[in-house]
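In this chain, numbering begins with 1 at the start of the sequence shown. Bear in mind the structure is a predicted one, so any value in this text is a computation, not a measurement.
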Amino acid sequence: ELPGKMAAHRGGLLQNEQPQLSWTDDLPLCHLSGVGSSPNCAYSTDGKGKEERAYEDGWLKFRTENDCFLYGVVNGYGGKRVADLVAQRLPAELLLGQLNANHSDADVQRVLLQAFDVVERSCLESIDDGIAEKTNLQSQLPESALRHQLASQFQKIVERLNVVEQEILGGAMAIVALILSNRLFIANVGTNRALLCKSTVDGLQVTQLSIDHTTDNEDELFRLSQLGLDAGRIKQVGAIGGQDSTRRIGDYKMKYEYSDIELLSAAKSKPITAEPEIHGGLPLDGVTGFLLLMSEGFYKALDSAHGPGQANQEIAAMVATEFAKQTTLDEVAQAVVDRVKRIHRDTFVSGAERSRFCNKHEDMTLLVRNFGYLLGEMSQCTLTPTQGGRIYPVSVPYYNNQSTSKTSVTLSLVMPSQSPMVNGSHSSCTLDEVTPTLTNQSPTATLQSTNTHTQSSSSSSDGGLFRHRPPHSLQPDEDGKVEPYVDFSEFYRLWNMDHGDQTTPIIAQ
């Protein structure tokens, strides 16, 4: 009876995956931001998707009366318990009087560091009862016996032990943006990302403000080598305990049972840390643009479909386009998430070279914070799928400014529907006014890319997307025409699927 009694006694947080009431529930939400999300999905061979588990991400977007703003994206794994705890406790440690406008950059960084430390300790303390129950259950089992070989009288103990172990093993990665006195601070633990996209005279400048804490990061590998670990082997193996991240919140096994993990057993101290890397304050005076916080699952879905190194610029271009088309920030964020999800699935069903990387994706979350970027400029006259348009992909090449190699980027054309009627009435824009639009890129914006982190950190480094001419100009033939360089094969395939043998669409030349 003991396992049942202990489980009933514990109740509380471990057994209830629903968000708990918090003293931060009354904090006002920030309406200068929006969030989009999509749960994880695995595809069957016929292209149908299915969730493998419940959505485990979390987010926060608060403001206080003294114009202190806090935003965050939390990427949970092994359950949502840790992600929920982080989303509840971080605001409590940062927005209940800990900060004021007179704090220096160093003061703010210190408060952020302390907040993450409190959250980490709270997370591990919340599973004290679970650890005690695990120890008690293990003491009731014969030593040196495999669980599946135990006699039937131990079945209930083994079943309960499996449940308890699952409850205490969860963890999370988190990225937080804090704005105080018009200064931006970024604190990151793990593999989520922050991009600052600023409108300049040369176009949209995209800067990654966070460092990916992965086994590909040379700085992280050096840190682990200083603890006595074989950095080369860790890089070769890649994932540690099922995750690429070298910094995590929670995850009891990685923090207190790492000596039982062969890859980490030689470490002199905890190799997986919850210490955030903090950047800022970055002055925001005069900045026009937007800030993006995104989960690892979001940008990696695009990496899977298009190849690594392009996601930052592509996502920024998609957001800029949706700013022109949508009327709310939630709509902007959700439209971009939906588009990445569609690109990922379309790549899988296409059977193309990268389809083997797109059989599934993790939870996706995108938070957009606006800094005076124009919203809804084209919302009244641009055709969208819900306004009678249909998105079809085309493949357009661009050239890396650091090499002569050519890479293809999948963009989309929004094609008008067969009928000019939208919701029972004619669209406010005539077809003559609407030219098929490259919806992956703002019509007037070019992109620049810069990164605040070191060469060793993994990130995009393409330079300006679509800004550089090919190293050799395309030469016209005897008829004055150049060789085609935009691949419409996927476009025509999807068009024919939708329209059968109807007339082939006319594309503006």
**Request:** Would you check if there is a donor-acceptor pair between the side chains of Thr328 and Asp330 at a distance under 3.5 Å?
**Result:** no
**Request:** Anything under 30° is parallel, anything over 60° is perpendicular, the rest tilted; go ahead and classify His344 against His361.
**Result:** perpendicular
**Item:** Heavy-atom side-chain proximity of Phe62 to Leu29 below 4.5 angstrom
**Value:** yes
**Side-chain donor-acceptor pair present, Asp107, Ser104, cut-off under 3.5 Å** = yes
**Spacing of Ser295 atom OG and Glu56 atom CD [to the nearest 0.5 Å]** = 11.5 Å
**Asked** Checking side chain to side chain donor-acceptor pair (under 3.5 Å) for the pair Thr273/Arg247: CA distance, chi angles, key distance, verdict?
**Response** CA-CA 5 Å; Thr273 177; Arg247 301 195 187 196; 6.0 Å; no
**Item:** side chain to side chain donor-acceptor pair (under 3.5 Å) between Arg81 and Ser126, worked out
**Value:** CA-CA 10 Å; Arg81 179 184 63 86; Ser126 71; 3.0 Å; yes
**Request:** Please report the C-alpha distance between Tyr77 and Asp251 in whole Å, then the side-chain angles of each, then the deciding distance to 0.1 Å, and finally whether the side chain to side chain donor-acceptor pair (under 3.5 Å) criterion is met.
**Result:** CA-CA 9 Å; Tyr77 61 92; Asp251 203 333; 2.5 Å; yes
**Message:** Enumerate the salt bridge (Lys or Arg N to Asp or Glu O under 4.0 Å) contacts for residues 179-190, please, sequence neighbours excluded, ordered by first and then second residue.
**Reply:** Asp105-Arg183
**Message:** So, using ring-ring contact (aromatic ring centres under 6.0 Å, His included) as the criterion, who are the partners of His213 when residues are at least two apart?
**Reply:** none
**Message:** Checking Arg121 now: which residues fulfil side-chain hydrogen bond (donor to acceptor under 3.5 Å, both in side chains) with it, not counting sequence neighbours?
**Reply:** Asp117
**Prompt:** Of all residues at least two apart in sequence or in a different chain, which pass the side-chain hydrogen bond (donor to acceptor under 3.5 Å, both in side chains) check with Asp338?
**Reply:** Gln334
**Asked** Say you draw a straight line from CG of Asn66 to OG of Ser181; how long is it, rounded to the nearest 0.5 Å?
**Response** 8.0 Å
**Prompt:** Who are the ring-ring contact (aromatic ring centres under 6.0 Å, His included) partners of Tyr258, not counting sequence neighbours?
**Reply:** none
**Asked** Is the closest side-chain donor-acceptor distance between Ser122 and Arg89 under 3.5 Å?
**Response** yes
**Message:** Which residues pass the salt bridge (charged side-chain N to carboxylate O under 4.0 Å, His left out) test with Glu120, not counting sequence neighbours?
**Reply:** Lys255
**Item:** Minimum side-chain heavy-atom gap Val340-Met318 below 4.5 Å
**Value:** yes
**Request:** Not counting sequence neighbours, which residues clear side-chain hydrogen bond (donor to acceptor under 3.5 Å, both in side chains) with Arg345? List them please.
**Result:** none
**Message:** According to salt bridge (Lys or Arg N to Asp or Glu O under 4.0 Å), does anything in residues 64-78 pair up with another residue at least two apart or in another chain? List the pairs.
**Reply:** Arg63-Asp67
**Item:** Sequence neighbours excluded - salt bridge (Lys or Arg N to Asp or Glu O under 4.0 Å) pairs with any residue from residues 361-373
**Value:** Arg53-Glu362
**Residues that Glu257 engages under salt bridge (charged side-chain N to carboxylate O under 4.0 Å, His left out), provided they are two or more places apart** = Lys134, Lys253
**Request:** Apply side chain to side chain donor-acceptor pair (under 3.5 Å) to the pair Thr246 and Glu220, showing each step before the final yes or no.
**Result:** CA-CA 7 Å; Thr246 54; Glu220 286 296 283; 2.6 Å; yes
When the side chains of residues 229-238 are checked against the rest of the protein, which donor-acceptor pairs come out under 3.5 Å, sequence neighbours left out?
from, atom 1, to, atom 2, distance (Å)
Asp230, OD1, Gly232, N, 3.2
Asp230, OD1, Arg233, N, 3.2
Arg233, NH1, Glu262, OE1, 2.8
Arg233, NH1, Glu262, OE2, 3.2
Arg233, NH2, Glu262, OE1, 2.8
Lys235, NZ, Glu218, OE2, 2.9

**Pair Arg193, Asn312: side-chain N/O donor-acceptor within cut-off below 3.5 Å** = yes
**Item:** From NZ (Lys61) to CG (Leu367), nearest 0.5 Å
**Value:** 7.0 Å
**Message:** Between Ser210 and Asn188, is there a side-chain donor-acceptor contact under 3.5 Å, judged purely by atom types and distance?
**Reply:** no
**Asked** Are Phe323 and Val368 close enough that some pair of their side-chain heavy atoms sits under 4.5 Å apart?
**Response** yes
**Prompt:** Can you tell if the side chain of Leu329 reaches within under 4.5 Å of the side chain of His31, non-hydrogen atoms only?
**Reply:** no
**Request:** Would you indicate whether the side-chain heavy atoms of Glu296 and Asn75 approach each other to under 4.5 Å?
**Result:** yes
**Prompt:** For Glu125, does the CD atom have more than 12 heavy-atom neighbours from other residues, nucleotides or ligands under 6.0 Å away?
**Reply:** yes
**Message:** Just verifying a value: how many Å separate Leu95 CG and Leu70 CG, rounded to the nearest 0.5 Å?
**Reply:** 5.0 Å
**Prompt:** Are the charged groups of Glu322 and Arg339 less than 4.0 angstrom apart, N to O?
**Reply:** no
**Asked** Taking the side chain from Arg356 and the backbone from Phe348, do they hold a donor-acceptor pair closer than 3.5 Å?
**Response** no
**Item:** Candidate list Val337, Asp57, Asp303, test side-chain contact (heavy atoms from CB on, under 4.5 Å), partner Phe298, passing option
**Value:** Val337
**Asked** Listed by chain and number, what are the side-chain hydrogen bond (donor to acceptor under 3.5 Å, both in side chains) partners of Lys270, not counting sequence neighbours?
**Response** Tyr256
**Item:** Spacing of NZ belonging to Lys360 relative to CD belonging to Glu52, to within rounding of 0.5 Å
**Value:** 4.5 Å
**Message:** Ignoring hydrogens and geometry beyond distance, is a side-chain donor-acceptor pair present between Thr214 and Asp216 at under 3.5 Å?
**Reply:** no
**Asked** Are side-chain heavy atoms of Leu195 and Leu209 found at a separation under 4.5 Å?
**Response** no
**Non-hydrogen side-chain atoms of His306 and Glu314 separated by less than 4.5 Å** = yes
**Spacing of OG1 belonging to Thr288 relative to OH belonging to Tyr373, to within rounding of 0.5 Å** = 9.5 Å
**Request:** Taking the side chain as every heavy atom from C-beta outward, state whether Met254 and Leu264 have any atom pair closer than 4.5 Å.
**Result:** yes
**Message:** salt bridge (charged side-chain N to carboxylate O under 4.0 Å, His left out), that's the test. Do Asp244 and Lys300 meet it? Break it down for me.
**Reply:** CA-CA 12 Å; Asp244 293 332; Lys300 280 199 170 181; 2.9 Å; yes
**Message:** Please evaluate residues Tyr55 and Ser37 with respect to the criterion side-chain contact (heavy atoms from CB on, under 4.5 Å), reporting the C-alpha separation (whole Å), side-chain torsions for both, the decisive distance (0.1 Å), and the verdict.
**Reply:** CA-CA 9 Å; Tyr55 178 77; Ser37 63; 3.4 Å; yes
